[in-house]
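What follows is a short report on a single structure.
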Amino acid sequence: MIARQIIRNVMTSAVRAAHHQSGGIPGSNLPFSITNRYKLTAYFILFFGSGFALPFIAVRYQMLK
């Protein structure tokens with residue numbers, strides 16, 4: 001009986017804590033802002049461009065070595 005009460009208290013406090021996030025707003029849970037289109041484009045180019053260029057840079061480094 002006491003275990004049920006403890007579990008209920010923990011679960012209700014967890015549910016209340018989860019509602020403090022800004023839910024329902026698109027992009028509110030992302031680690032970067034999506035409001036500035038040009039800054040977002042630059043971030044995407046840097047992120048994907050660095051991943052695409054890395055193998056070519058590694059091969060060039062090995063060939064020059």
Side-chain angles (χ1 to χ4, degrees):
M1 189 72 151
I2 294 174
R4 283 187 183 180
Q5 185 64 30
I6 291 172
I7 291 172
R8 184 178 181 146
N9 287 341
V10 169
M11 292 304 290
T12 54
S13 63
V15 169
R16 281 191 203 124
H19 286 293
H20 289 292
Q21 298 174 354
S22 58
I25 301 170
S28 65
N29 59 346
L30 295 175
F32 50 86
S33 174
I34 60 171
T35 55
N36 188 348
R37 178 187 303 180
Y38 302 108
K39 185 177 176 183
L40 180 64
T41 303
Y43 279 160
F44 269 82
I45 288 171
L46 288 173
F47 181 75
F48 291 111
S50 63
F52 182 75
L54 193 63
F56 296 103
I57 294 170
V59 167
R60 183 175 187 275
Y61 172 76
Q62 290 296 323
M63 290 185 74
L64 290 176
K65 209 162 78 163

**OP:** Could you list the residues that satisfy ring-ring contact (aromatic ring centres under 6.0 Å, His included) with Phe44, not counting sequence neighbours?
**Re:**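 Listed in chain order: Phe48.
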
**OP:** Could you tell me which residues satisfy ring-ring contact (aromatic ring centres under 6.0 Å, His included) with Phe56, sequence neighbours excluded, listed by chain and number?
**Re:** Phe52

Subject >> Qualifying residues under side chain to side chain contact (heavy atoms under 4.5 Å, CB included), relative to Leu54, sequence neighbours excluded >> reply: none

Subject >> Set of residues satisfying side chain to side chain contact (heavy atoms under 4.5 Å, CB included) with respect to Ser50, sequence neighbours excluded >> reply: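 Not a single residue meets the side chain to side chain contact (heavy atoms under 4.5 Å, CB included) criterion with Ser50.
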
Subject >> With Thr35 via side chain to side chain donor-acceptor pair (under 3.5 Å) - residues at least two apart >> reply: Ser33

Original post:
Linking I/L/V/M/F/W/Y whenever their side-chain heavy atoms sit closer than 4.5 Å, directly or via other members, would Leu30 and Phe47 fall into one cluster?
Top reply: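 Yes, one cluster joins them.
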
Original post:
When clusters are formed from ILVMFWY side-chain contacts under 4.5 Å, directly or step by step, what else is grouped with Leu46?
Top reply: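 Hydrophobic cluster check, Leu46: no partners found.
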
